[in-house]
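Only one structure is covered here, and it is reproduced in the block below.
Heavy-atom basis, side chains included; hydrogens, waters and symmetry copies ignored.
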Amino acid sequence: MNIDMEMISEKKKLIILIIVIIVILLGVMWFLTRETFDDKLRNYLLDNDFVLEDDLYTKQISDISLDEYYEQIDYGNDATYEVLYFDIYNYQLLETNMDYYDGMSMILSSIYDFKDNSLIYTSEVSLDGVTVIFDGSYDGDKKKLVCDVSSSDINLSSDDKNTICDGINTNVEDFYKGATNLIDDDELVKGMKEK
């Protein structure tokens with residue numbers, strides 16, 4: 001009888017050991033295969049036509065590439081090039097918007113920060129060898145643009161400055177709307193604000 005009880009006790013120990021090993025293996029497998037917040041964000045961007053290039057997720061918005069944009073300028077044609085970059089480490093959306101129209105070029109670089117909903121920009125306007133650089137910010141809640149001249153080859157009249165700032169305002173507002181609507185997953189938006 002003692003031998004049977006010892007065998008049953010050994011079987012119980014073996015069964016318990018097997019169950020513990022299975023639980024540990026399942027836990028390790030879950031840990032190794034679980035999707036992190038950044039993995040979810042990466043997958044979301046990839047599912048929305050962004051591609052990974054040099055640690056940034058990139059999405060060309062314009063119909064023409066950067067090379068085609070410069071070709072059009074060389075021919076004297078009006079052209080637009082627009083591309084988005086998502087910095088997954090800082091949760092920022094960056095846009096480069098380049099326009100060439102009737103001899104004038106404008107490069108607008110905007111950054112929207114998902115952590116605090118802030119937007120800053122820099123714009124370079126060039127015509128006939130004269131360059132003016134504007135920079136500022138945009139408050140989406142108040143729909144207010146700060147537009148300051150940070151560098152200029154000439155003295156701008158207030159009318160010229162206002163005209164250029166109005167154009168910047170239109171582009172920055174469009175970027176802001178696009179940025180705030182880019183990610184329609186509330187969990188991802190909330191997660192970026194908490195990071």
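Between Met98 and Leu66, some side-chain heavy-atom pair lies under the 4.5 Å cut-off. Within the 4.5 Å cutoff, the side chain of Tyr91 has heavy atoms near those of the Asp38 side chain. Residues Ile61 and Glu95 form no side-chain contact, since every pair of their non-hydrogen atoms from C-beta on lies 4.5 Å or further apart. Between Val132 and Ile164, every side-chain heavy-atom pair lies at or beyond the 4.5 Å cut-off.
For the atom pair Lys143 NZ and Glu173 CD, the distance stands at 6.5 Å (nearest 0.5 Å). Taking CZ of Phe134 as the start and OG of Ser152 as the end, the distance is 7.5 Å to the nearest 0.5 Å. Atom CG of Asn169 sits about 9.5 Å away from atom CG of Asp174, to the nearest 0.5 Å. With rounding to the nearest 0.5 angstrom, the CG atom of Leu84 is 6.5 Å from the CZ atom of Phe175. The NZ atom of Lys161 sits 5.5 Å away from atom SG of Cys147, with the distance rounded to the nearest 0.5 Å. Taken from OH in Tyr70 to CD1 in Ile64, the straight-line distance is 11.0 Å, to the nearest 0.5 Å.
Both Val149 and Ile154 are assigned to one and the same hydrophobic cluster, defined by single-linkage of ILVMFWY side chains at heavy-atom distances under 4.5 Å. Following chains of ILVMFWY side-chain contacts shorter than 4.5 Å, one can reach Tyr89 starting from Leu41, so the two form part of one hydrophobic cluster. Cluster annotation: Leu94 is not connected to Ile183 through the hydrophobic network of ILVMFWY side chains, with a link wherever side-chain heavy atoms come within less than 4.5 Å. In the hydrophobic cluster analysis, where Ile, Leu, Val, Met, Phe, Trp and Tyr join through side-chain heavy atoms closer than 4.5 angstrom, Ile73 is grouped together with Val83. The cluster map of Ile, Leu, Val, Met, Phe, Trp and Tyr, joined by side-chain heavy atoms under 4.5 Å apart, puts Phe86 and Leu52 in the same cluster.
Here the side chain of Asp87 pairs no donor or acceptor atom with the backbone of Leu56 at under 3.5 angstrom. Looking at Asn162, its side chain does come within 3.5 Å of a backbone N or O of Ser158 through a donor-acceptor pair.
No side-chain N or O of Tyr176 forms a donor-acceptor pair with one of Asp139 less than 3.5 Å apart.
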Atom pairs and distances, side-chain donor-acceptor, residues 119-128, under 3.5 Å, sequence neighbours left out:
| unit_1 | atom_1 | unit_2 | atom_2 | d |
| --- | --- | --- | --- | --- |
| Tyr121 | OH | Val146 | O | 2.8 |
| Ser126 | OG | Thr131 | OG1 | 3.1 |

Side-chain atoms of residues 42-50: list all donor-acceptor pairs with protein atoms under 3.5 Å, sequence neighbours left out, distances to 0.1 Å.
| unit_1 | atom_1 | unit_2 | atom_2 | d |
| --- | --- | --- | --- | --- |
| Arg42 | NE | Tyr57 | OH | 3.4 |
| Asn43 | ND2 | Glu35 | OE2 | 2.6 |
| Asn43 | ND2 | Asp39 | O | 3.2 |
| Tyr44 | OH | Leu182 | O | 3.2 |
| Tyr44 | OH | Asp184 | N | 3.0 |
| Tyr44 | OH | Asp184 | OD1 | 2.7 |
| Asn48 | ND2 | Tyr44 | O | 2.8 |

Validation: residues 104-116 side-chain donor-acceptor distances under 3.5 Å, sequence neighbours left out:
| unit_1 | atom_1 | unit_2 | atom_2 | d |
| --- | --- | --- | --- | --- |
| Tyr112 | OH | Asn117 | OD1 | 2.6 |
| Asp113 | OD1 | Lys115 | N | 2.8 |
| Asp113 | OD2 | Gln92 | NE2 | 3.2 |
| Lys115 | NZ | Asn90 | O | 3.3 |
| Asp116 | OD1 | Ser118 | N | 3.1 |
| Asp116 | OD1 | Ser118 | OG | 2.7 |

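Atom CG of Asp186 sits in a sparse spot, with 12 or fewer heavy atoms from other residues, nucleotides or ligands closer than 6.0 Å. Counting non-hydrogen atoms of other residues, nucleotides and ligands closer than 6.0 Å to CG of Asp74 gives a total above 12.
Scanning both residues, Gln72 and Ala79, for their nearest heavy atoms gives CB-CB, 3.7 Å. Taking each heavy atom of Cys165 and Leu145 in turn, the nearest pair found is O-CD2, 3.6 Å. In plain terms, the two heavy atoms of Leu188 and Phe37 that are nearest each other are O-CZ, 3.4 Å.
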TODO: Evaluate the side chain to side chain contact (heavy atoms under 4.5 Å, CB included) criterion for residues Gln60 and Tyr81: first the C-alpha distance (whole Å), next the side-chain angles of each, then the deciding distance (0.1 Å), finally the verdict.
DONE: CA-CA 8 Å; Gln60 182 177 312; Tyr81 173 73; 4.2 Å; yes
